[in-house]
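This report concerns only the one structure given below.
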Amino acid sequence: MILAVDKFHQFILPNTVKVFAVCISEFVDALIVAILLGSQAMAIVNLGSPIVMVVATLSTLLIVGGGTIYANLCGAFNKPEAERVFTISTIAALAVSAFLTLAALPLTGTITSLLCVGDEQLIRESSCYIAILIASMPVLTVANVLFGFLPSAGKPGMSSWLMLLANIINLSLDVVFIRFCGMGVEGAAYATLCGYSVALAVYLLLYIRREVNMRLVRVSMSAFAGLKSVCSMGVSAALSQLGFVIKVAAGNAMALFFGGQVALIALSVCMQLLSICSIFVGGIGSSMINITATLQGQRDFAASDLVVRRAYGIIAVCSVVTMVLFYLFASDIAVLYKATEPPVLAMTVRAIHIFSMMILLRSLVIVFMFYVQSIGKSMYATFISLFDGFAGQLPLAYIGCLCVGIDGLWWSFPLTSVLLFLVVLAWNRHLYHSRQSPFRNQLLIERDIELQSEESGSELLTNAEESLLLSHPMLQDAGWHTPVAAYLSGMLQHRCPLKLDYHIRQYPSQMILDIRTNVKDFNNLSLNVSEGTRVVNEMVLDMNCLYLEK
């Protein structure tokens, strides 16, 4: 399906840029702190990362869960319900993050002590930084959710440049606050708060000017029951983020216990590299969900199959290139983070060499996790996220550290990925070969069990008469030849050549035709259809979609 795959390709760059803006901000944030204040200050930034990850966990829960449902409802041409999902997700983001801030601020000392594993020097140096991060949670969470919903509404570009704006301001103010204002590591926390506050203000301005095509609507209290579905849909991705929080916090503790501050610095560098890997994993995975959730609403599983296979191919290439670069330039990466003292440099290089072995298999599994979560297999996706996050890795790391010392921590990364990949392969095979399997292949692409027949295709047209779709016998039988010809002629007035995907489905009691074209900002075309036919013409993911049902 040409247009569906093209749309996936169009989403990859802005979604990757959006994730890049966040991840590179963490990367450069730590780098700026390391350059201006030293590697120990960078370790403080790493110690505060679990708080940032709490924000990411809540944001991911609502973005992935709510955004997937939003796209699915738009694909099913139910925009009013989609906007109710957007509204309750936004309100939940504000309410929960505000509650967490109010609950955590009085406990800042206790939280700091836990994160620093009782190290008095680290507690003194990081307590103010952690307090600022806690106070920033409502702004960061609401901004992430509002920006994160935009790709599901067909606005990935707007989402990415808002995130870029927030993080460019953040990084610029890092230098201003730390170097010129003498604010120390606390300046990095203030810079993050200021960057997201400015980007949020810009979003609100765009919303007032109606350049944001999602609207907050009035909802009743009963509408918040829909949060259960949002959380169910997004729980696996959120647990993946939460697992990362636990992984970082427990990993820091093990690094300090088994290897001291030298190991903590080495682990901090590896966590920064994991953030870099998240750029292409998050960008490709979120782009896939944006498209497949819409196709799920349209029940176009053939197009989903193409998009998912393309996603795996791209993620494999990106992973292999990243693995090679990390392995070859491990010493340069360590020096970049000022890990230059001989013991620190040696341990950091060894950690990077071992850590890089996990990237390919983990990336494939995480993208698969996003997909199965989008088709409603939340328990399976949750298992993957928990095993990858901490349930698999932390026991392996602890046992490894007891057996071989600090090397056990580094080897736990690739061992976890290998085990998880093998489990996923075995379980997929079992599901596909089970009796009355709802899947068409071992990638768990669904099939419509009620379907009697279907036909999908793509065309590139310069005039309506060229279309093979118009000569399809099912259109003649349904009496849809004339309205479809009128639709194609109307689209060609706005875009030539015209790309279109079509999907015809025959059920025992109904026939459905979906057409997607690359015409933007044009909908509500008046078509004459026979009595008993439902017709909908709307923009979905910036594609002009026609739906006919009889």
Those residues that, when tested against Ser363, pass side-chain hydrogen bond (donor to acceptor under 3.5 Å, both in side chains) (two or more places apart): Ser319

Hey, does the side chain of Asn72 reach the backbone of Thr68 with a donor-acceptor pair shorter than 3.5 angstrom? no

CD/Glu341: more than 12 non-hydrogen atoms of other groups inside 6.0 Å: no

Given Ile284 and Phe370, is the side-chain contact (heavy atoms from CB on, under 4.5 Å) satisfied, shown in steps? CA-CA 10 Å; Ile284 295 168; Phe370 279 125; over 6 Å; no

Taking side chain as C-beta onward, heavy atoms only, is Phe86 less than 4.5 Å from Val217? no

Going by side chain to side chain donor-acceptor pair (under 3.5 Å), name the pairs with one or both residues in residues 384-403, residues two or more places apart or in two chains. Lys247-Gln393, Arg362-Asp388, Gln393-Ser412

To check you understand the geometry: which heavy-atom pair defines the closest contact between Lys155 and Glu211, and what is its length? CE-O, 4.4 Å

State whether the side chain of Tyr371 and the backbone N or O of Leu444 hold a donor-acceptor pair below 3.5 Å, judged by distance alone. yes

For the student: nearest non-hydrogen atoms of Val344 and Val262, plus distance: CA-CG1, 3.8 Å

Min side-chain heavy-atom separation Leu62-Asn144 under 4.5 Å: no

Between Leu396 and Leu419, is a side-chain contact (heavy atoms from CB on, under 4.5 Å) present by the stated rule, with each step listed? CA-CA 11 Å; Leu396 286 173; Leu419 285 175; 4.0 Å; yes

Would a 4.5 Å heavy-atom cut-off, applied to side chains only, mark Leu420 and Phe383 as touching? yes

How about Tyr129 and Tyr190: are their ring centres within less than 6.0 Å of each other? no

Could you go step by step and tell me if Asn167 and Met163 meet the side-chain contact (heavy atoms from CB on, under 4.5 Å) rule? CA-CA 6 Å; Asn167 287 287; Met163 291 300 292; 4.3 Å; yes

Looking at every non-hydrogen atom in both residues, tell me the closest pair between Ala188 and Asp174 and how far apart they are. CA-OD1, 3.2 Å

State which residues pass ring-ring contact (aromatic ring centres under 6.0 Å, His included) with Phe147; sequence neighbours excluded, sorted by chain then number. Tyr203

Gap between atom SG of Cys401 and atom CG of Leu394 - 0.5 Å precision: 10.5 Å

Residue pairs involving residues 83-103 (criterion side chain to side chain donor-acceptor pair (under 3.5 Å); sequence neighbours excluded): Glu81-Arg84

Between Cys231 and Leu61, is there a side-chain heavy-atom distance shorter than 4.5 Å? yes

For residues 341-365, the ring pair (Phe, Tyr, Trp, His ring centres under 6.0 Å) pairs (sequence neighbours left out) are Tyr327-His353, Phe355-Phe413

Any luck finding a side-chain donor-acceptor pair between Asn213 and Tyr207 under 3.5 Å? no

Do you know the tightest heavy-atom contact between Ala263 and Ala255? CB-O, 3.5 Å

Report yes if some heavy atom in the side chain of Leu150 is under 4.5 Å from a heavy atom in the side chain of Met214; otherwise report no. yes

Under 3.5 Å, side chain of Ser278 to main-chain N/O of Leu274, donor-acceptor pair present? yes

Do you know the tightest heavy-atom contact between Ala199 and Leu162? CB-O, 3.6 Å

State whether the side chain of Thr108 and the backbone N or O of Leu105 hold a donor-acceptor pair below 3.5 Å, judged by distance alone. yes

From Leu415 atom CG to Ile354 atom CD1, the distance as rounded to the nearest 0.5 Å: 10.0 Å

Nearest heavy-atom contact between Ala135 and Pro138 is O-CD, 3.6 Å

Would you sort out whether Ile406 and Met254 count as a side-chain contact (heavy atoms from CB on, under 4.5 Å), showing the intermediate values? CA-CA 8 Å; Ile406 193 62; Met254 278 190 273; over 6 Å; no

Are any side-chain N or O atoms of Thr348 and backbone N or O atoms of Leu345, one a donor and one an acceptor, separated by less than 3.5 Å? no

Do Leu431 and Tyr380 come within less than 4.5 Å of each other through their side chains, counting heavy atoms only? yes

Just how far is it from atom CD1 of Ile134 to atom CG of Leu100, taken to the nearest 0.5 Å? 10.0 Å

Side-chain contact test, heavy atoms from C-beta onward, threshold under 4.5 Å: evaluate it for Pro395 versus Phe390 and give yes or no. no

CD1 (Ile63) and OG1 (Thr141) are apart, to the nearest 0.5 Å, by 9.5 Å

Which pairs, with at least one residue in residues 344-356 and sequence neighbours excluded, count as a salt bridge (charged side-chain N to carboxylate O under 4.0 Å, His left out)? Arg350-Asp407

Considering only heavy atoms from C-beta outward, does the side chain of Met288 approach that of Val367 to under 4.5 Å? yes

What's the spacing between Ile314 CD1 and Ile12 CD1 if we round to 0.5 Å? 3.5 Å

Approximate separation, where rounding is to 0.5 Å, of Met358 CE and Phe326 CZ: 9.0 Å

